[in-house]
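Below is one structure, written out as structure tokens; comments come after it.
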Amino acid sequence: DAKTTQPPSMDCAEGRAANLPCNHSTISGNEYVYWYRQIHSQGPQYIIHGLKNNETNEMASLIITEDRKSSTLILPHATLRDTAVYYCIVRNAGNMLTFGGGTRLMVKP
Amino acid sequence: GAVVSQHPSWVICKSGTSVKIECRSLDFQATTMFWYRQFPKQSLMLMATSNEGSKATYEQGVEKDKFLINHASLTLSTLTVTSAHPEDSSFYICSARSLAGGPYNEQFFGPGTRLTVL
């Protein structure tokens, strides 16, 4: 699986949009981009995933660049409960999820 | 999304004893279950992958005789930490992949089990 690079930490003001970047320059054509988050002392929670097109659901939006070498997870109106570690993962459909360091997002009042 | 449960949510045991952790997929059948371990302020590390009815595949550096995995049914996998020592204290998280598959083969995660070995 391709590796990903994420900033180790980010701050965001409550109510503002949180934009979390991820680089995956070695992604191959059949690998998806997944985002999970882990709130302290809980299991990872699925957020969103995509292949080529931008995706949106009730939790977030995923913007994937045209060359697919990077993506951005957008939480449109961050709340204090969005404070968590966010993991960007790329993988084939048949492979397990391999976690990197993630980005620790701190939403501040 | 699909629900995965773990039991117990936390456990404290004495050094040298064995501890069993259960992982259940509550509303779907899981052909494959994964066990991860997470130390404080670190990321999740995959320990092993188990397929129903087969022996588990362990990642490099994980002792199969110490971490016994049983995946006897499509809804239950167990991890037994044998002869636990303080260095085994960690957050253990299971994950299940749906039998339904599809193009994404989603993995769903349990809430984790915090093991403390005294």
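All values below were derived from every heavy atom in this structure, side-chain atoms included, with hydrogens, water molecules and symmetry-related copies excluded. Every chain is numbered from 1, with letters handed out A, B, ... down the list of sequences. These numbers come from a predicted model, not from an experiment.
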Side chain, backbone, both or neither: which part of A:Q38 has a non-hydrogen atom closer than 4.5 Å to chain B?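 It is the side chain, since no backbone atom gets that close.
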If you tally heavy-atom pairs under 4.5 Å against chain B, which of A:G100, A:G102, A:G101 wins? A:G100
Hphob cluster co-occupancy, [X] + [Y], side-chain heavy atoms under 4.5 angstrom:
X      : Y     : value
B:I93  : B:F67 : no
B:I21  : B:I69 : yes
A:L73  : A:M59 : yes
B:V117 : B:V11 : yes
A:Y34  : A:I74 : no

Would a 4.5 Å heavy-atom cut-off, applied to side chains only, mark B:S43 and A:Y87 as touching? yes
Are B:F34 and A:L97 packed together at the side-chain level, in the sense that at least one heavy-atom pair is separated by less than 4.5 angstrom?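 Not touching, per the 4.5 Å side-chain cut-off.
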For B:L44, which atoms come within 4.5 Å of any heavy atom of chain A: side chain, backbone, both, or neither?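 Contact with chain A involves both backbone and side-chain atoms of B:L44.
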Portion of B:S9 that has a non-hydrogen atom of chain A nearer than 4.5 angstrom: neither
Ring centres under 6.0 Å, that's the criterion: do A:Y36 and B:F109 meet it? yes
May I ask you to name which of B:Q38, B:Q6, B:M45 has the most heavy-atom pairs under 4.5 Å with chain A?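 Most heavy-atom pairs under 4.5 Å with chain A: B:Q38.
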Rounded distance [0.5 Å steps], CD in B:Q107 versus CD1 in A:I89: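 If I round to the nearest 0.5 Å, the distance is 8.0 Å.
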